[in-house]
2 protein chains.
Amino acid sequence: MARKTGSHSDITGPRVRAAALKLFAAHGFAAVSMRQIAAEVGVQAGALYLYTPDKQSLLFDLLRDHMQEVLDAWEAEEKPEGPVKQLETFSRFHIRFHLERPEQVFISYMELRNLEPDNFKALENMRRQYENSLEGILKQGQDEGVFDVDDTKLTTLALIAMLNGVTSWYKPDGRLSLARVEAIYSDMAGKAVRMPRWKARQRKAEAQQAAE
Amino acid sequence: MARKTGSHSDITGPRVRAAALKLFAAHGFAAVSMRQIAAEVGVQAGALYLYTPDKQSLLFDLLRDHMQEVLDAWEAEEKPEGPVKQLETFSRFHIRFHLERPEQVFISYMELRNLEPDNFKALENMRRQYENSLEGILKQGQDEGVFDVDDTKLTTLALIAMLNGVTSWYKPDGRLSLARVEAIYSDMAGKAVRMPRWKARQRKAEAQQAAE
DNA sequence: GGTTGATTTGAACGCCCGTTTAGTTAGCAT
DNA sequence: ATGCTAACTAAACGGGCGTTCAAATCAACC
């Protein structure tokens, strides 16, 4: 009893990562043992070490790959003109992308503290990169006078936290469709930062007065 | 070597809970051992069982006590008149209360899945009760026409997620003061749900037209 | 069809886990 | 001072942990 019939690293490798993802998301990194992961794959614990140097790398690879996917996908997303529409695009993209990968999103938020310091820093940089793409939109909107934002960094974090919240309750067969949720959240995000018309008029008036 | 000098259950009991809170928040429930908690208290592992029936209860008691504190504190908070001001009061209360208890908040969000089913349900009910107090404000505002909310339940969750986000980055000695953060967040929350003036005028016009 | 290398087993390593228990000491009332 | 009880230690229980490794089996190429 050693090598299994039909076994191949191209098959087992992805299955190991899938099992780890599933179990980490369900029970948490610290609560899941290598033996449980192996059982999910249908293999003995020792065999896992052909596909990962250790348990920590298994977690880190999952988190890093997910963040890279997010960054690449946003890069590839078609951006409309102007910060208002870009904010809507970002909100909708974020909701959609995250709802399609509930397990990755979950562990990306819950298991960061189980990363060793270097791995943690690497992921923090990727996350900041993603946040910067939203903050860029807010800054541009502020410069153009279409957004009324007190502090772009803080607002960025607040918006992302709000959008992330969706993953904690959304169920694909629930009361609300994905399209509806996208619409409601992007609408809320827009309203939270947009310059109110009365305030825009007031500023315009002030500017004219200052010019006289 | 048995009983320590100056030892008393009134002292050790709270110290056990404090150590558990600190360590659970820092490393996660599953990653912390009873021996680590005991070491933090300055006692042997066996002694912990004078203060908790088991590790699970230690976690549950922390979470339940925290949620009860939240509910009691909001109950005791002085409520102004009208949903707009009440939303601001709620936002500011939530931010302030949660920033004063970062560890409790952290474990309340991270460790729910480590609760046994019955304990989980108990806490879920308390959390829903808290959410309902916010949803009540949103509903009232919608009835009075001062809020423009698509779905009160969803909006409730979105706002709470946004407000909770503050706990993941706020540092007491950071760039922004607590008062400033309170102000920014409550302002954003208000703008996200408030009826825009132009829309209110439009509705009023529609109502008049329908009356003729 | 035999050889080689990829894939996996099964057992073992030392260590730590949550919890129980018998025994020991400190605080306190009498 | 004595006795009693609350508080704690030290050791042990069975079990699971992450990881390693020699041996065994299968896939693939000659």
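From a predicted model like this one, the values you see are computed outputs, not experimental measurements. So you know, we letter chains A, B, ... as the sequences are listed, proteins then strands, and number each from 1.
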Please check if atom NZ in A:Lys191 has more than 12 non-hydrogen atoms from other residues, nucleotides or ligands closer than 6.0 Å. yes

Considering just the side-chain nitrogens and oxygens of B:Thr12, establish if one lies under 4.0 Å of OP1 or OP2 belonging to D:dA7. no

Taking NZ in A:Lys153 as the centre, count heavy atoms belonging to other residues, nucleotides or ligands within less than 6.0 Å. Is the count above 12? yes

Side-chain N or O of A:Thr5 closer than 4.0 Å to phosphate OP1/OP2 of D:dA27: no

To the nearest angstrom, the CD-C1' distance between A:Gln56 and D:dT19 comes to 15 Å

C:dG10 P sits how many Å from A:Gln44 CD, rounded? 6 Å

Nearest whole Å is fine: how far is D:dC8 C1' from B:Ile11 CD1? 14 Å

Length of the line joining B:Ile37:CD1 and C:dC16:P, which is rounded to integer Å: 17 Å

Just checking A:Val32: base, sugar-phosphate only, or nothing, at a heavy-atom cut-off of under 4.0 Å? sugar-phosphate

Between B:Glu103 (side chain only) and B:Ala25 (backbone N and O only), is there a donor and an acceptor less than 3.5 Å apart? no

Can you tell me how far P of C:dT20 sits from CG of B:Asp54, to the nearest Å? 8 Å

With distance as the sole test, does A:Gln140 use its side chain to make a donor-acceptor pair with the main-chain N or O of A:Pro83 at under 3.5 Å? no

Is the phosphate of C:dT8 approached by A:Tyr51 (side-chain N or O, under 4.0 Å from OP1 or OP2)? yes

If you look at every heavy atom in A:Lys79 and A:Glu77, which pair is closest and at what distance? NZ-O, 3.0 Å

Taking atom P of C:dC13 as reference, at what distance in whole Å does atom OH of A:Tyr49 sit? 18 Å

Could you state the atom-to-atom distance from CE of B:Met34 to C1' of C:dC15 in whole Å? 19 Å

For C:dC16, does OP1 or OP2 lie under 4.0 Å from any side-chain N or O of B:Ser33? no

What's the closest nucleotide to the B:Val43 side chain, out of D:dC8, C:dC17, C:dT8? D:dC8

Go through D:dC8, C:dC17, C:dT8 for me and flag the one nearest to the B:Ala47 side chain. D:dC8

Is any side-chain N or O of A:Lys55 closer than 4.0 Å to OP1 or OP2 of D:dG18? yes

Can you tell me whether the side chain of A:Arg35 and the base of D:dG16 have a donor-acceptor pair closer than 3.5 Å? no

Atom CG of A:Leu50 and atom C1' of D:dA22: how far apart are they, to the nearest Å? 14 Å

